Amino acid sequence: MSSDFPTMKGLMMPSKRGFGSDNNSGVHEDILKALMQVNQNHMPSYGNDEITEKTQAKFRELFGPDTETFFVFNGTAANVLSMKAMTQSFHAIICAETSHLNESECAAPEYFTGCKLIPLPTKDGKITIEQIEGQMRRLGDPHHAQPRVVSITQPTEYGTLYTPQEIKRIADFCHGNNLLLHVDGARIVNAAVALKLSLKELTTDLGIDVLSFGGTKNGLMFGETVVFLRKELAKNFLFLRKQAMQLPSKSRFIAAQFLAYFEDDLYLKIAEHVNSLAQLLAREIKGVPGIEITQKVESNSVFAKIPKEKFNVLREKYFFYVWNEKTYECRWMMTFDTTEEDVRGFATHIRSILRK
Ligand SMILES: Cc1ncc(COP(=O)(O)O)c(C=O)c1O
């Protein structure tokens, strides 16, 4: 067995660090501690415990008093259940072609809602009002799925950001055209920190209706939330969540993780850390022959094309994914436990391989 794979009580433990995903890291130690702290005594289940209530109050503090929050197990469920709460089966959901909703949820949005997804092409993960407007046709025609939701991702799957003005304009357009606006915010804290806005300023105040708010990619063990920024849309959500098998019985274990995530601004510190490391990597590899940074570096990832023949050797030391198998555009993602040393080591590795 290679020394890369020390065993721990029989478990395979790959020791290679990398830039594959913010899902590849473990759990932030403050969050693990919180899990241990709530792991005592008995408490009511299914969200009727005081930790869940306290965490929901914290969400109201962050997003506004008229918002409502529900925990689910994963991000796909947060997205799909958001869609379910906003649509009927004859509706259409407008999103970016690159969105997680369209690309990486195994048609769960279509399966659970019955809706048609309308994926729009983008260069940078961002859809425009003109594109949305182009879909506002055959309204009232029973032969045509009726547009009802626009879903955008912030930061996008390319790590780019919508400006607050862009979001506000999309929200206003939606509300003027009988559409609702959903944001996939698996990493929205990174966007808020990069834009120097509070969570409320970046969401509720801009007119977003429903938000999938991420936890797992930001240091939690598991747990995501659906945040209804317009409370009336949550009317049937308790039932929808249970039907979709996403009602956590031991809810306190998700709630406690979020509580720890918000305590002492840990959420902001993690976002500042990952965003600044992405900037560092971009600076370190800028101008290296053969490397082309393809997207603006605005949150915690760097996208770059690399020469195909260098892929295997580059990945020998640090793991990462190819984003586009045709162009060898790769994604390098920072996570809460990525260190400056990791980034500098990777940049040195890239430089040494590419300059050979
Ligand atoms: C933008 C985005 N949304 C949602 C998700 C939800 O993922 P999961 O269902 O794997 O928790 C992911 C995961 O990679 C993501 O990147």
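FYI, side chains are in, hydrogens and waters are out, and symmetry mates aren't considered; it's all heavy atoms of this structure. Counting starts at 1 for both ligands and their atoms, in listed order. Computed from a predicted model, the values in this text were never measured in an experiment.
With respect to atom 13 (C) of ligand 1, the closest heavy atom belonging to the protein is K217 CE, 2.7 Å. For atom 3 (N) of ligand 1, the nearest protein heavy atom (residue, atom name, distance) is D184 OD2, 2.6 Å. Taking atom 11 (O) of ligand 1 as the reference point, the nearest protein heavy-atom neighbour is G75 N, 2.9 Å. From the protein, the heavy atom lying nearest to atom 16 (O) of ligand 1 is R187 NH1, 3.1 Å. Counting protein heavy atoms only, atom 15 (C) of ligand 1 is closest to H100 CD2, 3.3 Å. In terms of protein heavy-atom proximity, atom 10 (O) of ligand 1 is closest to T76 OG1, 4.4 Å.
Under the 6.0 Å cut-off for aromatic ring centres, F213 and F59 qualify, their centroids lying closer than that. Checked against the 6.0 Å centroid threshold, F19 and F346 count as a close aromatic pair.
Near E157, meaning under 4.0 Å from one of its heavy atoms, ligand 1 places the atoms 1 (C).
Here R351 pairs with E284 in a salt bridge; the nearest charged N to carboxylate O distance falls below 4.0 Å. Salt-bridge check for R344 with E340: passed, with a basic side-chain N closer than 4.0 Å to an acidic carboxylate O. The residues D22 and R187 are annotated as salt-bridged, a charged nitrogen and a carboxylate oxygen being separated by less than 4.0 angstrom.
Ligand 1 does not have E224 within reach: every non-hydrogen atom of the residue lies 4.0 Å or more from it. Taking a 4.0 Å cut-off on heavy atoms, T216 fails to register as neighbouring ligand 1.
Classification of the F320-W332 ring pair by plane angle, with boundaries at 30° and 60°, yields perpendicular.
A side-chain contact (heavy atoms from CB on, under 4.5 Å) with V313 is found for exactly one of R315, E316, K317, namely E316.
For ligand 1, the polar-atom distance check against A186 finds no nitrogen or oxygen pair separated by under 3.5 Å.
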